[in-house]
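Beneath this line is the structure, given in structure tokens, with notes to follow.
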Amino acid sequence: MRFVSLFLNNRLTVVPEILVKDGDVNPVPFSELSEIEPHPLNPSFHYDQNLQQILYGKMLLLDEIPSDLHIIQDHYENGYVRYNPGLLKKKYGWQCSRCQNEKEHLFASFSCFRCKSEKCVYCRNCIMMGRVSMCTPLLSWTGPEVRYRNKNEMAWRGELSAGQQVASDRFAQEIGNSGELLIWAVCGAGKTEVLFKGIEKALNMGLRICLATPRTDVVLELAPRLKKAFPKTLIASYYGGSDEKESPVQLVISTTHQLYRFKQAFNLLIVDEVDAFPYSYDKTLQQAVKNAVHSKHFLLYLSATPSGSMKKAAKKGQLPCVKIPKRFHGFPLPVPTFVWSGEWRKRLERGKLPSSFVKWLKSQATSGRRAMIFVPSVSIMEIVAKLIQKHVEVKVDFVHAEDPLRKEKVDSFRNGHISLLVTTTILERGVTVPNLDVAVFGADAAIFSESAFVQISGRAGRSKEDHNGQVLFFHYGKSLSMVRAVNHIKEMNKEAVR
């Protein structure tokens, strides 16, 4: 977008070209404007509370704000809104103000209709959330803070296990302080319930909270549980395709990618599955967490499989840690069974499945139980799903990260309408399904890490009534990750009975 800089009330200000009636002024792309100090806050100005709720703690593109441009400009001129450059010119290139990306190969240019430039540079790293370019400002709220009510009653009345109680008390004790804490909890330990007491305390202190996780499926799993636990609290879930992004909420459940939009928004930020891809590998997502919190904040990390660096920091006392080695129902984690399946890739090329896998499929189909079947890739997933349908009469389907019906298929599987669900590793975390067994087809593939295997195994046996779900790794040679995952699970089970 092009802007005009001019003097207003003896102050240099900027105005979007579309709002300027004087044809003699020279509009330029936003990036070409000299740095202009924000307007002082006008205490007599009656600000729009809806705009406050939308912008508070965020940096958004104009396209993301439903308010009229005239209203936005009035707030800017009265010191309640600030225009920030979308891209910053650095000594060796560019930096995106939203995602903090500085990698040269993640910037590109295009012929821009809005600013009339033939080479308008934009950030490719966060393009899925709307294009941030040289000519697009990011808007932030500089007016009064949003105040939240301090009566948020928790409706959940369940009981915690001994391990859960220790972690819950420690977390609640830290609310209101600055610092960080790792809760290292085995899969199925009941991490969500551990959070309730601390969240309730934070809500009643008027703090703003975010529970962030790398996976959309986990957001969809957590949101209804938290809304049920805190029925009087303003809660919204943010993910790609979410329709709740304009809600004035105190508790946000979000994918870590959505944190790109937040700046100094949260007093308490909980990062669930902190070891999961892509968060564990993407430095800009880790920076987004740091940008999303107030200067005084508390960070809580949750993981069943923390990274080596986190374990090392916890061991040295550099990262406070509470460990929950036992599942909430008291039964051990299912230990995976290795099943030889021969050269499964060659059999797939011939349109066949390994005989050991077919034998299990037929038994599974008549058991009345559901099964998740994890595979190494989308292409293998589609082949395996079609071949499975030739051997069983139960409902079979498949799902992957880019599947437009992803949510509907997972819900259908959870509700028992699908018996066998073939999937990539997108469902390795956060999804709870009753009466479930788990299989990994092609477990020797390099894509499966130790932590992925541990998380996959953790999908089974998650209830007291069904704690013996089976976990099978069909393979053509044991990988180091397979062996380490089994040793990890056995060690956690030993620790749980000490």
Side-chain angles (χ1 to χ4, degrees), residues 214-218 220-221 240 276-278 336 338-339 341-362 364-365 369-433 436-449 451-460 469-477 479 481-482 485:
R215 305 288 177 89
T216 296
D217 302 279
V218 181
L220 296 173
E221 178 92 8
F277 179 87
F338 295 163
V339 182
S341 56
E343 295 189 41
W344 53 270
R345 285 186 176 86
K346 288 188 176 181
R347 292 190 68 85
L348 289 183
E349 290 173 0
R350 298 197 298 268
K352 295 183 179 181
L353 294 170
S355 57
S356 58
F357 185 65
V358 172
K359 182 179 179 181
W360 172 77
L361 281 174
K362 292 180 177 179
Q364 190 69 27
R369 296 172 60 81
R370 277 161 283 185
M372 276 187 189
I373 301 169
F374 290 86
V375 296
S377 68
V378 173
S379 58
I380 291 174
M381 173 195 70
E382 293 174 346
I383 296 171
V384 170
K386 289 179 181 178
L387 292 176
I388 289 175
Q389 291 172 336
K390 296 180 180 180
H391 296 279
V392 298
E393 296 180 359
V394 296
K395 175 69 174 176
V396 181
D397 213 329
F398 58 85
V399 65
H400 57 95
E402 303 303 321
D403 192 333
L405 297 177
R406 173 176 170 179
K407 181 179 182 297
E408 290 79 4
K409 288 181 180 180
V410 173
D411 286 343
S412 184
F413 180 60
R414 185 182 286 111
N415 295 330
H417 303 308
I418 298 172
S419 296
L420 301 176
L421 184 64
V422 187
T423 179
T424 57
T425 54
I426 60 157
L427 296 185
E428 72 182 33
R429 301 165 186 264
V431 179
T432 299
V433 178
L436 182 73
D437 295 316
V438 176
V440 181
F441 180 90
D444 51 291
I447 193 171
F448 294 114
S449 63
S451 63
F453 281 131
V454 173
Q455 293 286 354
I456 287 169
S457 302
R459 298 310 97 209
Q470 61 175 333
V471 180
L472 302 175
F473 291 174
F474 291 91
H475 67 94
Y476 179 47
S479 69
S481 294
M482 290 168 62

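One is the number of the first residue; the rest follow in order along the sequence. Worth saying up front: this structure is predicted, and the values here are computed from it rather than measured.
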Donor-acceptor pair between Ser481 and Ser479 side chains, under 3.5 angstrom: no

Just list the side-chain donor-acceptor pairs under 3.5 Å for residues 400-408, sequence neighbours left out, or say none.
from: His400; atom 1: ND1; to: Glu402; atom 2: N; distance (Å): 3.3
from: Asp403; atom 1: OD1; to: Leu405; atom 2: N; distance (Å): 2.9
from: Asp403; atom 1: OD2; to: Lys409; atom 2: NZ; distance (Å): 2.7
from: Arg406; atom 1: NE; to: Asp217; atom 2: OD1; distance (Å): 3.1
from: Arg406; atom 1: NE; to: Asp217; atom 2: OD2; distance (Å): 2.9
from: Arg406; atom 1: NH1; to: Ala401; atom 2: O; distance (Å): 3.0
from: Arg406; atom 1: NH2; to: Asp217; atom 2: OD2; distance (Å): 2.1
from: Lys407; atom 1: NZ; to: Asp411; atom 2: OD2; distance (Å): 3.2

Return the CG to CG distance between Leu420 and Asp397, rounded to the nearest 0.5 Å. 10.5 Å

Got a second to check how far Ile426's CD1 is from Phe374's CZ, nearest 0.5 Å? 9.0 Å

Look at the side chain of [X] and the backbone N and O of [Y], then say whether any donor-acceptor pair between them is shorter than 3.5 Å.
| X | Y | answer |
| --- | --- | --- |
| Arg369 | Leu436 | yes |
| Arg370 | Arg414 | yes |
| Asp437 | Ala371 | no |

How would you list, by chain and number, every residue that makes a side chain to side chain donor-acceptor pair (under 3.5 Å) with Ser449, sequence neighbours excluded? Ser451

Would you say the side chain of [Y] lies within less than 4.5 Å of the side chain of [X], judging by non-hydrogen atoms?
| X | Y | result |
| --- | --- | --- |
| Phe357 | Trp344 | no |
| Leu427 | Leu421 | yes |
| Phe441 | Ser341 | no |

Salt bridge (charged side-chain N to carboxylate O under 4.0 Å, His left out) partners of residues 418-430, not counting sequence neighbours, each pair once: Arg215-Glu428, Glu273-Arg429, Asp275-Arg429

Atom pairs and distances, side-chain donor-acceptor, residues 382-396, under 3.5 Å, sequence neighbours left out:
none

Return the set of residues passing side-chain contact (heavy atoms from CB on, under 4.5 Å) with Ala460 (not counting sequence neighbours), or none when no residue passes. Pro334, Val438, Val471

Worked check of side-chain contact (heavy atoms from CB on, under 4.5 Å) between Leu361 and Ile373: CA-CA 10 Å; Leu361 281 174; Ile373 301 169; 3.9 Å; yes

Contacts of [X] that satisfy ring pair (Phe, Tyr, Trp, His ring centres under 6.0 Å) - sequence neighbours left out:
| X | result |
| --- | --- |
| Phe453 | Phe448, Phe473 |
| Tyr476 | Trp340 |
| Phe413 | none |

Which pair of non-hydrogen atoms, one from Val431 and one from Met372, has the smallest distance, and what is that distance? CG1-CE, 3.9 Å

Enumerate the side-chain hydrogen bond (donor to acceptor under 3.5 Å, both in side chains) contacts for residues 345-356, please, sequence neighbours excluded, ordered by first and then second residue. Glu343-Lys346

